[in-house]
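Here's the structure, in structure tokens; my notes come after.
Remember, predicted model here, so these are calculated numbers, not experimental data.
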Amino acid sequence: GNTVKLWSSGFSDTIKSSGNAFCNLSITSSLVAYHKLDEGTSTVANDASGEGLTGTISSTPTWTTGTNANYYGADPGAVTLAASRYITMGDVSPVNFEYNQPFSTSTWFKTTSNTAMTMVSKSFGAAGDYKGWNVQMGPTGANTYLYFQVLSSVGVSNYLEVRTPALSNVYDGNWHHILTTYDGTADVTGVKIYYDGSSQSLTENVGTLSSGSSLVTAPYSIGSRNTTEQFFAGTLDDVRVYKRVLGTTEAADLYAGTHPDEGTYTLVDALDVNNNLTISGGSLDQTSSNFDVTVGGNYLNAANLTTRAS
């Protein structure tokens with residue numbers, strides 16, 4: 001049946017059913033990819049954004065406990081990757097950004113390896129001149145840089161690359177969070193990297209992104225670049241991509257284990273969904289009304305549902 005999508009983007013609104021039932025209802029936002037990595041078995045990585053970007057793990061992974069069992073409502077699992085093991089969603093358009101489009105990425109990770117490794121990427125590798133976008137770490141002596149790149153072509157130095165200061169605890173085997181934001185201005189001032197909730201001062205390695213296109217047919221990949229290099233040796237959890245710039249408060253929210261506040265829908269009367277109800281962005285607040293919510297099929301809460309008092 002048909003699905004009604006309600007887009008939540010920093011505003012408040014109401015849902016009024018007037019005694020009618022939705023076939024399927026999806027409350028979504030700027031979140032265009034969300035791999036919780038809670039499966040605990042198999043080689044499938046499901047997408048909770050509502051965009052349907054189901055991932056395939058290249059070989060049998062090691063499933064383990066997540067960042068914090070109480071984060072984001074419940075975070076029971078994570079996945080450990082290694083050399084030549086990665087997650088690929090294929091060439092998918094929701095995360096294929098032109099260099100003048102804003103977007104953000106959010107990833108939890110832990111590792112004991114201080115090598116050049118990619119957390120999340122939609123970028124060609126060396127054979128494809130690295131075109132696209134990429135989030136990675138790289139060694140500098142005993143310390144580590146965190147990098148963000150948007151690239152039209154490395155061969156003609158037409159790309160933007162920034163890095164954090166040298167960080168001493170990136171590969172200490174503990175959970176860490178990285179949030180990158182890019183405002184589409186093709187300038188280093190339009191990039192922010194938050195590490196464990198704190199905005200970092202950034203160094204511009206290359207800042208000549210001014211022409212061409214960063215759109216690529218390379219696969220959207222977690223734990224590798226183009227599924228061919230910079231494999232992540234460690235554990236990854238709760239990987240997200242938003243098609244907008246997240247702010248300082250939202251960076252703090254994600255680091256604290258709560259979903260960003262992207263607007264709230266409040267019920268005016270009882271909500272009846274014949275099939276599936278999906279909340280992948282924003283909030284559905286039931287407390288101020290105490291109206292019933294009835295779902296005949298599947299219910300997915302990958303964002304914020306505030307339930308009624310009784």
Side-chain angles (χ1 to χ4, degrees), residues 30-33 53 88-107 109 116-140 144-167 170 178-195 198-230 232 239-248 250-251:
S30 59
L31 184 66
V32 291
L53 308 187
T88 179
M89 281 56 67
D91 177 19
V92 287
S93 60
V95 295
N96 197 15
F97 298 108
E98 187 56 275
Y99 75 87
N100 58 3
Q101 293 180 290
F103 66 98
S104 303
T105 76
S106 171
T107 307
F109 70 93
M117 301 189 295
T118 287
M119 290 84 156
V120 60
S121 177
K122 194 178 193 305
S123 170
F124 285 130
D129 208 15
Y130 296 112
K131 189 174 182 180
W133 60 266
N134 187 60
V135 179
Q136 71 173 78
M137 59 181 282
T140 171
T144 310
Y145 294 135
L146 298 176
Y147 293 89
F148 173 79
Q149 303 160 329
V150 179
L151 312 101
S152 287
S153 175
V154 170
V156 293
S157 296
N158 189 18
Y159 66 103
L160 176 68
E161 178 181 274
V162 299
R163 61 168 173 80
T164 64
L167 302 169
V170 170
I178 179 173
L179 171 69
T180 69
T181 72
Y182 171 65
D183 68 1
T185 58
D187 191 89
V188 65
T189 60
V191 180
K192 290 186 181 296
I193 298 178
Y194 298 85
Y195 177 60
S198 297
S199 181
Q200 303 294 301
S201 60
L202 300 179
T203 297
E204 177 184 319
N205 285 358
V206 181
T208 55
L209 181 59
S210 59
S211 63
S213 173
S214 59
L215 298 177
V216 290
T217 57
Y220 172 49
S221 178
I222 296 172
S224 77
R225 188 171 199 153
N226 196 35
T227 72
T228 60
E229 58 189 76
Q230 294 182 350
F232 190 86
V239 182
R240 308 173 184 225
V241 180
Y242 293 83
K243 60 177 181 181
R244 68 177 180 90
V245 173
L246 299 186
T248 302
E250 292 162 315

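Scanning all heavy atoms of the two residues, the minimum distance from Asn96 to Gln101 falls at O-OE1, 4.0 Å. The heavy-atom pair separating Tyr130 from Ser123 by the smallest distance is O-OG, 3.0 Å.
Checking side-chain atoms of Thr164 against main-chain N and O of Leu146 turns up a donor-acceptor pair under 3.5 Å. Glu98 places a side-chain N or O within donor-acceptor distance of the main-chain N or O of Ser214, the cut-off being under 3.5 Å. Although no hydrogens or angles enter the test, the distance criterion places no donor-acceptor pair under 3.5 Å between the side chain of Lys243 and the main chain of Pro94. Under the 3.5 Å distance criterion, the side-chain polar atoms of Lys131 are matched with a main-chain donor or acceptor of Ser213. Judged by distance alone, the side chain of Gln200 and the main-chain N or O of Ser198 form a donor-acceptor pair under 3.5 Å. No side-chain donor-acceptor contact under 3.5 Å links Asn226 to the backbone of Thr228.
Separation of atoms OG1 (Thr180) and OH (Tyr195) is listed at 15.0 Å; rounding is to 0.5 Å. Of the inter-residue distances, the one linking Phe97 atom CZ with Thr105 atom OG1 reads 9.5 Å to the nearest 0.5 angstrom. Note that CZ of Phe109 is 6.5 Å distant from CE of Met137, once rounded to the nearest 0.5 Å. Here the CG-CG distance, from Leu160 to Leu151, works out to 8.5 Å after rounding to the nearest 0.5 Å. Summarising the geometry, atom CG belonging to Asn134 is positioned 9.5 Å from atom CE belonging to Met119; distances are rounded to the nearest 0.5 Å. Rounding to the nearest 0.5 Å gives a distance of 4.0 Å between CD of Gln230 and CD of Gln136.
Note: Phe148 and Phe103 have tilted aromatic rings, judged against thresholds of 30 and 60 degrees for the angle between ring planes.
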ask   = Going through the checks in order, is the side-chain contact (heavy atoms from CB on, under 4.5 Å) test met by Trp133 and Val120?
value = CA-CA 9 Å; Trp133 60 266; Val120 60; 4.0 Å; yes
request  = Report the C-alpha distance between Thr217 and Asp91 in whole Å, list the side-chain angles of each, state the deciding distance to 0.1 Å, and finish with yes or no for side-chain hydrogen bond (donor to acceptor under 3.5 Å, both in side chains).
outcome  = CA-CA 6 Å; Thr217 57; Asp91 177 19; 5.1 Å; no
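Between Ile193 and Leu179, every side-chain heavy-atom pair lies at or beyond the 4.5 Å cut-off. Side-chain contact between Asn205 and Tyr147 is present, with heavy atoms from C-beta onward closer than 4.5 Å.
With no hydrogens or angles considered, no side-chain donor-acceptor pair links Ser221 and Ser121 at under 3.5 Å.
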